[in-house]
Protein chains: 2
Amino acid sequence: MIILSKLADYGVIIATQLATQPERQANAATLAEETRLPRTTVAKLLKALAHGGVVTASRGASGGYRLARPAEAISIAEVVAAIDGAIGVTQCSIHGPDCTRTTFCSTKPHWKRINDAVGTALAAMTLAEMTPANLFAQWLKLPPKPGPTEGQGAAP
Amino acid sequence: MIILSKLADYGVIIATQLATQPERQANAATLAEETRLPRTTVAKLLKALAHGGVVTASRGASGGYRLARPAEAISIAEVVAAIDGAIGVTQCSIHGPDCTRTTFCSTKPHWKRINDAVGTALAAMTLAEMTPANLFAQWLKLPPKPGPTEGQGAAP
DNA sequence: TTAATTTAGGACTGTTCCAGTACTCAATAA
DNA sequence: TTATTGAGTACTGGAACAGTCCTAAATTAA
Ligand code: SF4
Ligand code: SF4
């Protein structure tokens with residue numbers, strides 16, 4: 001059971017690539033080469049990322065994409081949501097009363113806790129932490145985030 | 001982007017139904033009526049749950065299913081894995097070097113953290129906590145998990 | 001102005017996998 | 001024996017995914 005779709009996975013790769021050189025403006029073809037992904041697929045994903053507000057686009061000659069915000073301020077959850085849509089564990093977590101069982105389903109109220117925990121897991125990791133440079137921090141066993149961390153126990 | 005498949009969702013519902021009366025042995029048809037799910041689908045799911053070690057089956061007349069262990073010792077992750085297979089965020093999290101990009105993928109090493117966090121979220125919730133009876137604890141804002149088996153006593 | 005570049009926005013297609021059903025075989029109790 | 005119940009497998013329709021392609025619009029350079 002793989003949670004992320006291939007495209008969402010690739011989307012994170014592309015966004016991470018942009019995060020390595022935040023100032024540069026790269027076009028779709030260049031990013032495709034650097035990430036070794038199909039050009040057409042990269043173009044499609046960048047459109048979705050732009051639509052989701054993760055990257056900003058400039059059209060025309062010498063145009064391209066760059067991150068809409070600093071990499072530290074973009075979470076993996078945002079990138080994934082821009083491609084695969086809102087993240088939720090069950091159908092009722094996203095589309096509300098779309099599921100016909102919503103009126104009498106006994107497990108429905110309990111899913112919220114799991115839903116929040118999963119969402120937190122994806123929202124806690126930023127693009128900056130996905131870059132290769134950040135790998136050093138993990139090798140050195142530095143604390144992953146100096147700010148609010150250790151969010152294992154859900155405490156709403 | 002819905003994480004759980006419908007069948008996994010239904011599997012948790014069925015397992016939770018069994019958890020409400022752990023001593024009883026119920027057959028597939030009865031569980032289907034109680035959960036208001038299609039009989040054939042329930043039968044299919046119970047087979048998968050039995051295969052995954054979540055429930056034990058007794059064949060023959062007056063046969064049926066019951067939980068393989070106390071509800072407090074069965075996590076949601078187990079139930080989901082019994083139906084949808086091993087849980088992982090990316091392809092490389094489960095099938096290892098199946099993805100052709102595994103040798104040069106820059107994001108691969110970072111997914112582990114997210115993968116663990118998601119797995120923990122699903123492993124932390126037990127079937128006992130999914131039962132309707134446990135809903136009282138949340139209404140009273142009691143600590144979600146006082147201990148492995150301490151939840152039975154009535155809360156003041 | 002003209003031409004080249006680059007993204008925006010759909011439309012399209014083949015494939016895979018999900019969800020549900022049906023059938024036969026094996027085991028058990030009355 | 002015989003009715004009951006799960007085990008195992010096979011099958012099908014349909015939805016969603018993954019990938020490609022085309023035309024229009026915006027921007028820059030000549
Ligand atoms: S209402 Fe129940 S069956 Fe429907 S999506 Fe929510 S948990 Fe699943
Ligand atoms: S190796 Fe990279 S592209 Fe392949 S599944 Fe892992 S993260 Fe995704």
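By convention in this document, chain letters (A, B, ...) are assigned in the order of the sequence lines, proteins followed by strands, and residues within each chain are numbered from 1.
- Near DNA chain D, meaning a heavy atom under 4.0 Å from it, residues 4-22 of chain A has Ser5(A), Lys6(A), Leu7(A), Tyr10(A) in order of number.
- Across the interface with DNA chain C, nearest-nucleotide mapping of Lys44(B) and Gly60(B) shows Lys44(B) to be the residue nearer the 5′ end.
- Atoms OH (Tyr65(A)) and C1' (dA26(D)) sit 13 Å apart, rounded to a whole Å.
- Nearest-nucleotide assignment on DNA chain C puts the 5′-proximal partner with Asp84(B), out of Ala61(B) and Asp84(B).
- Summarising the geometry, the separation between CG on Asn27(B) and P on dT4(D) is reported as 12 Å, rounded to the nearest angstrom.
- Closest approach to the Thr41(B) side chain among dA7(D), dG20(C), dT7(C) is made by dG20(C) (side chain taken as heavy atoms from C-beta onward).
- Leu31(A) places its CG atom 12 Å from the P atom of dT6(C), with the value rounded to the nearest Å.
- Remark: the backbone N or O of Ser75(A) is paired with a side-chain donor or acceptor of Glu78(A) at under 3.5 angstrom.
- When the P atom of dG6(D) is taken as reference, atom CZ of Arg66(B) falls 13 Å away, rounded to whole Å.
- Nearest to the side chain of Arg59(B), among dT6(C), dT20(D), dG6(D), sits dG6(D).
- The nearest whole Å value for the distance from the CD1 atom in Ile2(B) to the P atom in dA16(D) is 9 Å.
- Residue Ala29(B) is out of contact with every strand shown, counting any heavy-atom pair closer than 4.0 Å.
- Within 6.0 Å of CZ in Arg39(A) there are 12 or fewer heavy atoms belonging to other residues, nucleotides or ligands.
- Note that the NZ atom of Lys108(B) and the CD1 atom of Ile13(A) stand 11.5 Å from one another [nearest 0.5 Å].
- The side chain of Lys47(A) sits closest to dG10(C) out of dA29(C), dG10(C), dA22(C).
- Note that CD of Gln21(A) and OG1 of Thr131(A) are 11.5 Å apart. Values are rounded to the nearest 0.5 Å.
- The nearest whole Å value for the distance from the CG atom in Leu49(A) to the C1' atom in dG9(C) is 16 Å.
- In this entry the distance linking CG of Leu46(B) with P of dA7(D) reads 8 Å, nearest Å.
- The residue among Ser58(A) and Ala57(B) whose nearest nucleotide of DNA chain D is located toward the 5' end is Ala57(B).
- A distance of 4.5 Å separates CD1 in Ile76(A) from CE in Met130(A), rounded to the nearest 0.5 Å.
- Clustering ILVMFWY residues whenever any of their side-chain heavy atoms sit less than 4.5 angstrom apart, transitively, puts Leu37(B) in the very cluster that holds Leu49(B).
- The separation between His51(B) atom NE2 and dG6(D) atom P is 18 Å, rounded to whole Å.
- The distance from the CD1 atom of Ile3(A) to the OG1 atom of Thr90(B) is 9.5 Å, given to the nearest 0.5 Å.
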